[in-house]
Amino acid sequence: MQKYLTDVWKVGFTHAAGIMNVYTGLTKLVPFILFLFGDFGVDNYWILLLSSIAFSSGLGFLSMSTPPALHKLMHICANYQPNCIGHTQKAIFYTGLALTAVGVSGHNVSLAAFALDQLERSQVVDKTSNRQQSPQPEEDISKLQFQPVEAMMELVKRQNQRNGSSISGLRSLGVIFVLIVAVIALIALPYIHPWKLRFGIPAIFTLAATLLFIQGSCEYQGSRLGFSDRDIIRFRTQSQERRVIICMLPVWITCIICSVVTSVGNTYFVEQASHLNYKVGKLKFPDSTLLLLYEAAKLGFKRVYNCMKVAGGRRYAPATGIALATICSALCCIFAAIAETHGIHVIRSDGLIDKPNEKIPMTVFLLVPQFFLLGGLDSFYENSVAEFLNDQSPPSMKKYLVYLNPGLSGLGIMGSVLSVHLVGKISEKGGKKSWFQHDLNESHLNYYYWVLAGLSAANFLWFLLTALIQTSFK
C-alpha cells in the first residue's frame, strides 16, 4: 500500500508512512468500539457480516481508485501517474482504507466470538441429551481474538474433544493450507504489477467468501446469549481497584512507545528494503524475503516466550517479556541506524542523491538484524502485555483488556505520525535541513533511528523502575 502511494501518487515517503500508520492504528482502536457494541447487545453474527461486507467493499473501492478503473467515466488518463489521480480517486481510496479498517476490526472482534457462541449453543443441545461435557473457559479463546486463525483452530479442537474424536489430521491440514496460501500470496504479490489487479483479486476472493458465509448462515437464529445475560461494563469505585488502574498507567506508556517503533518497522523499514539489492550472486530473492523472516522471527520468539513460562513460571514471564520487548526495540533501532548510515554513505559516494528511483548498490540482507529484532519486539509485546495487564487488572476490566491492549498499540502507531512531525520541526531549527525529505536518498532517517533508540532505552529503564516500585508495594 505504501509503495502505491509513493510510486503512483508520488507523495513523500513520510506522508505515505503517516497515512499507513493512521490506518494501522485504526485497525487496532476500532475493535474496542465494536466490542462495546457487541457487549451492549449487538449479535456477533451481524458484526461479522457487516465487517465482511465492509472489507470486501473496501478492497473494491481501492481497486476502483486506481486510474485505469474509472478513466472512461471520469474522462481522465489511465496511466499510473500522479496527474491521473484526481480528487475523486483520492476520496475513493481513503473511503476504501476506512472500510477495510472497519472490516479487519470487525473480524478481530466477532469471528472467534461468533464461533464460540455456536459451540455454546451445541453444548446446550448436549445438555438436553445428557451428553458428558468438559467445560472450557472462555478466557482462553478471548486471548486469541486478534489471532483469528489460531482461535478458530482452538475452537475446532475443543469441539472435537467434546465429541470424543481426534482432529490432529484436520488441524494439520488446515494450518498447512493457510500457511501455503499466505506464502504464495507474499511471493506472488510483488509480481502482479497492475495495482488494479493487486487490489481487485483479493476483493473478488473476499466477496466470494462473504457470499458463502451469508448462504451458510441463512438459518442462523441468533446467539443464545441475551442482552440481560451479558456483562455490562461497570467501573467499581473501591479504592483497591482504583489503585490498580493507576498503577497500570505507566505500563500503558511503555506499550505506546513500543508501538511507535513497531510502526517504523512497518513503514520506513519496508521502504528502505524496496531500494536495495535482493541478489546474492546470480540468485535473486523475492521482495517478500524480509517479511517472511520477520514472521519466522515472531514464531521463534513466541516459542522462546512459551519456554520462559514453563521454565520460570507464569508469574514472572509477562513482566520479563515486556522487558525483552523494550530491549529488542532499542537494539532494533540501533541496527537500523547503523544500516541507514552505511546506506547514506553509499548513496553519496555513488552520486545517487538526485536519483531516488535508482537501486542502491547495497545488499538488502544488511537489514536482516533489524527485521529479526522487530519480530522479537512484536512477538514479546503481543504475548506478554495482555497477560501482564490481565494479571494486574481488577475483575471488572479483564475482558476489556483483550481490546484495550491493541488499542494502546494503535495509539502508539498513530502517535508515530506526531513524533515524526515534531522531530522534523526540531531538526530544521536554525535554518537546518529537516531529517525528513521527499525521498529516502535526501533524508537522514539514521538520526531519527538514533532518537528512537534512546527513547527505547529510556522506556526500558522506565518499565524496570515501574516494575520495581509495584513489586515493593505488594
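Asn277 contributes a side-chain N or O that, together with a main-chain N or O of Lys279, makes up a donor-acceptor pair within less than 3.5 Å. One N or O on the side chain of Ser443 and one on the backbone of Gln437 form a donor-acceptor pair closer than 3.5 Å. Side-chain N or O atoms of Ser57 include none that pairs as donor or acceptor with a backbone N or O of Ala54 at under 3.5 Å. Judged purely by atom type and a 3.5 angstrom limit, Ser56 uses its side chain to pair as donor or acceptor with the backbone of Thr206. Of the possible polar contacts, none joining the Lys425 side chain to the Val420 backbone as a donor-acceptor pair under 3.5 Å is found. Looking only at distances, a side-chain donor or acceptor of Gln89 sits under 3.5 Å from a matching main-chain atom of Gly86. With Ser379 contributing its side chain and Lys302 its backbone, the two residues share a donor-acceptor pair below 3.5 Å. Looking only at distances, a side-chain donor or acceptor of Ser63 sits under 3.5 Å from a matching main-chain atom of Lys196.
Side-chain contact between His421 and Val417: absent, with no pair of heavy atoms (C-beta onward) separated by less than 4.5 Å. Looking at heavy atoms from C-beta onward, His444 lies out of side-chain contact with Lys433 at the 4.5 angstrom threshold. Annotation: side chain of Val423 is in contact with side chain of Phe436 (closest heavy-atom distance under 4.5 Å). The closest side-chain heavy-atom distance from Pro67 to Asn79 is not below 4.5 Å. Proximity of Phe55 to Thr210: side-chain heavy atoms (C-beta onward) are nowhere separated by under 4.5 Å. The side-chain heavy atoms of Asn266 and Met20, taken from C-beta on, include no pair separated by under 4.5 Å. For the pair Val264 and Tyr448, the minimum side-chain heavy-atom distance is below 4.5 Å. Annotation: side chain of Trp450 is in contact with side chain of Ile334 (closest heavy-atom distance under 4.5 Å).
Residues Val102 and Leu34 come closest through the heavy atom pair O-CD1, 4.2 Å. A pairwise comparison of heavy atoms in Gly321 and Phe380 identifies O-CB, 3.4 Å as the closest pair. Nearest approach of Met414 to Leu26, heavy atoms of both residues: SD-N, 4.4 Å. Summarising the geometry of Pro369 relative to Leu366, their closest heavy-atom pair is CD-O, 3.4 Å, with the distance given to 0.1 Å. Considering every non-hydrogen atom in both Pro82 and Lys10, the closest pair reads CG-CG, 3.4 Å. Considering every non-hydrogen atom in both Val261 and Ser329, the closest pair reads CG2-OG, 3.2 Å.
Checked against Thr262 for a side-chain hydrogen bond (donor to acceptor under 3.5 Å, both in side chains), the options Thr24, Asn21, Asp378 give a single hit: Asp378. Test Phe61, Trp9, Phe199 against Phe93 for ring-ring contact (aromatic ring centres under 6.0 Å, His included) and you get one pass: Trp9. When each of Asn383, Leu324, Thr320 is paired with Tyr305, the side-chain contact (heavy atoms from CB on, under 4.5 Å) condition holds for Asn383 and for no other.
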*Evaluate the criterion side-chain contact (heavy atoms from CB on, under 4.5 Å) for residue pair Ile322 and Tyr381; output intermediate values, then yes/no.*
CA-CA 6 Å; Ile322 297 176; Tyr381 177 89; over 6 Å; no
*Evaluate the side-chain contact (heavy atoms from CB on, under 4.5 Å) criterion for residues Thr326 and Cys258: first the C-alpha distance (whole Å), next the side-chain angles of each, then the deciding distance (0.1 Å), finally the verdict.*
CA-CA 7 Å; Thr326 58; Cys258 285; 3.9 Å; yes
*For Leu293 and Phe365, what are the C-alpha separation, side-chain angles and deciding distance, and is it a side-chain contact (heavy atoms from CB on, under 4.5 Å)?*
CA-CA 11 Å; Leu293 171 67; Phe365 294 101; over 6 Å; no
_Quick one, Lys90 with Ser65, criterion side-chain contact (heavy atoms from CB on, under 4.5 Å). Give me CA distance, side-chain angles, the key distance, then yes/no._
CA-CA 7 Å; Lys90 290 182 179 180; Ser65 70; over 6 Å; no
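The aromatic rings of Phe372 and Phe301 sit tilted, their planes meeting at an angle between 30° and 60°.
Surrounding OH of Tyr23 are more than 12 heavy atoms belonging to other residues, nucleotides or ligands, all under 6.0 Å away. By the neighbour-count criterion of 12 heavy atoms within 6.0 Å, atom NZ of Lys355 is sparsely surrounded, having that number or fewer from other residues, nucleotides or ligands. Dense packing is recorded around CZ of Phe463, with more than 12 heavy atoms of other residues, nucleotides or ligands lying under 6.0 Å away.
Ring centers of Tyr447 and Trp435: under 6.0 Å apart, within the cut-off. A distance of 6.0 Å or more separates the ring centres of Tyr294 and Phe269.
No donor-acceptor contact under 3.5 angstrom links the side chains of Thr341 and Tyr449, judged on distance only.
Considering CD of Gln370 and CD of Gln272, their distance stands at 5.0 Å, rounded to 0.5 Å. Atom CD1 in Ile92 sits 13.5 Å away from atom NE2 in His87 (nearest 0.5 Å). Rounding to the nearest 0.5 Å places OG1 of Thr27 at 6.5 Å from CD1 of Ile413.
The disulfide (SG to SG under 2.5 Å) pairs that include a residue from residues 48-94 are Cys77-Cys84, where partners are two or more places apart or lie in different chains.
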